[in-house]
Amino acid sequence: MLSSLPKKIKIVEVGPRDGLQNEKTVLKTEDKIEFIAKLTEAGMVNIEATSFVRPEKIPQMGDANKLFELLVKRIPIDNYNFPCLVPNKIGLENAKKAGVREIAVFTATSDQFNMKNINASIDESFIRIEEVVKEALSYGMKVRGYVSTVFGCPYLGETSLLKMTEVTQRLFDLGAYEVSLGDTIGVGTPSQVLKVIDGLEKANIPLETVAMHFHDTRGMALANVLTSLELGITNFDCSAGGLGGCPYAKGAIGNLATEDLVYLCHSLGIETGIDLEKLMQASLFILDKLGRLSSSKFLIAKQGEKSGK
Ligand code: HMG
Ligand code: MG
């Protein structure tokens with residue numbers, strides 16, 4: 001018997017950023033805006049819109065300025081949170097100019113991953129993060145934090161729980177309102193989720209301030225969600241249609257699909273605020289632009305039902 005499940009959860013849709021940053025096809029800005037608009041029509045209120053990173057590194061996000069400026073014109077942003085990933089002060093200033101009100105800063109539990117991802121060790125990343133967060137808070141922006149490689153690192157292998165709680169606490173101390181813990185390469189299992197949550201509790205980090213960011217590389221994402229739900233986590237990142245991965249983590253094939261998360265939650269009587277039918281329309285729209293199939297089991301099943309196969 002499942003015990004102590006929450007009544008509702010908060011979802012952060014990361015498809016337009018974490019999803020699209022790892023797709024080969026670089027989409028037109030207008031198509032990305034349409035995707036985000038369709039996600040809002042499905043009931044999504046927290047959508048990671050883009051990242052203000054070096055375009056040479058992530059060409060898929062090279063239109064961040066244009067995208068955000070157009071987004072603000074199309075959607076009444078007072079009603080939504082559109083966090084954008086920012087790696088440094090250059091990114092922050094660009095984000096501010098474009099009208100961004102919430103940023104996400106990111107680091108990892110592994111120096112090796114951080115060096116590949118952002119050309120900085122964990123400690124070096126905090127020098128950048130500290131100046132970015134200070135400045136962002138002085139602009140009145142909200143700040144979300146990410147910790148990558150919580151469940152394992154493609155370069156280091158096993159990562160340290162102690163490092164995870166230390167890095168997470170540092171992000172909170174700087175002023176992050178929420179920290180998302182990334183299973184960047186999708187190696188996590190329910191028993192690891194248990195250990196991570198135990199580590200958070202021992203470090204007195206309130207579970208309601210933490211989000212889980214699972215990748216479904218080994219098919220464990222939903223099992224990890226269920227374990228997290230039972231242990232008191234109520235915030236989850238996911239991407240429509242299961243888009244994405246991470247360009248610096250080979251084999252990180254995709255985020256947990258939003259459809260699969262929503263289907264699971266609704267079956268357990270947990271509110272998400274999402275209309276699954278409209279969500280599928282958003283996913284099918286963007287998958288069509290990318291010319292690829294979904295990795296969402298729910299979406300594949302629904303399409304099969306509709307086509308009578
Ligand atoms: P760097 O090469 O060390 O930068 O990049 P630099 O400070 O040496 O500057 C080099 C040049 O880049 C300069 O231009 C800068 O102006 C320019 P130049 O003088 O040579 O003409 N530059 C920039 N241009 C535009 N926007 C910027 C910017 N910064 C510098 N923001 C940096 C360091 C981190 C910026 C770079 O390596 C970068 O952008 N990397 C991309 C990182 C990234 O997006 N990774 C994927 C996201 S993380 C993720 O997916 C994990 C997550 O989902 C959670 C999980 O699953 O675990 C969050
Ligand atoms: Mg990710």
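For this chain, numbers begin at 1 and follow the sequence in order. Numbering of ligands and ligand atoms starts at 1, following listing order. Small disclaimer: the values here were computed from a predicted structure and weren't measured.
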Compute the angle centred on the Mg ion (ligand 2) spanning NE2 of His215 and NE2 of His213, and express it rounded to 10 degrees. 80°
Out of all atoms in ligand 1, which are within 4.0 Å of some heavy atom of [X]? Include the element for each.
X      : result
Asn88  : 27 (C), 28 (C), 29 (N), 30 (C), 31 (N), 35 (C)
His215 : 56 (O)
Asn119 : 3 (O)

So for ligand 1, is [X] a polar contact partner (N or O within less than 3.5 Å, distance only)?
X      : result
His213 : yes
Tyr146 : no
Asn94  : no
Pro55  : no

Pick, from [options], the option with the minimum heavy-atom distance to [atom].
atom                    : options                      : result
atom 37 (O) of ligand 1 : Met61, Lys57, Arg144         : Lys57
atom 30 (C) of ligand 1 : Asp18, Asp237, Val150, Ile90 : Ile90
atom 40 (N) of ligand 1 : Ile58, Asn117, Val14, Thr107 : Asn117
atom 50 (O) of ligand 1 : Lys89, Glu93, Gln21          : Gln21

Pairing of Glu271 and Lys7 as salt bridge, 4.0 angstrom limit: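 Between Lys7 and Glu271 there is no salt bridge, as every charged N stays at least 4.0 Å from the carboxylate O atoms.
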Would you mind checking if Asp123 and Arg170 are paired as a salt bridge, meaning a charged N to carboxylate O distance below 4.0 Å? yes
Using a 4.0 Å heavy-atom cut-off, say whether Gln60 meets ligand 1 through its side chain, its backbone, both or neither. neither
Pi-cation contact, Tyr146 with Arg17 (under 6.0 Å, within 45°): yes
Regarding Lys116 and the six-membered ring of Tyr155, is the cationic atom NZ or CZ under 6.0 Å from the ring centre and inside 45° of its axis? yes
Taking C-beta and beyond as the side chain, do [X] and [Y] meet within less than 4.5 Å on heavy atoms?
X      : Y      : answer
Asn114 : Thr107 : yes
Lys278 : Leu39  : no
Pro6   : Ile9   : yes
Glu259 : Met280 : yes

Could you tell me which non-hydrogen atom of Asn255 sits nearest to which non-hydrogen atom of Gly19, and how far apart they are?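 Looking at all heavy atoms of both residues, the shortest contact is OD1-N, 4.2 Å.
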Between Asp237 and the Mg ion (ligand 2), is there a contact where an N/O/S atom of the residue lies under 2.8 Å from the metal? no
Among the N, O or S atoms of Asp18, which one sits nearest to the Mg ion (ligand 2)? OD2
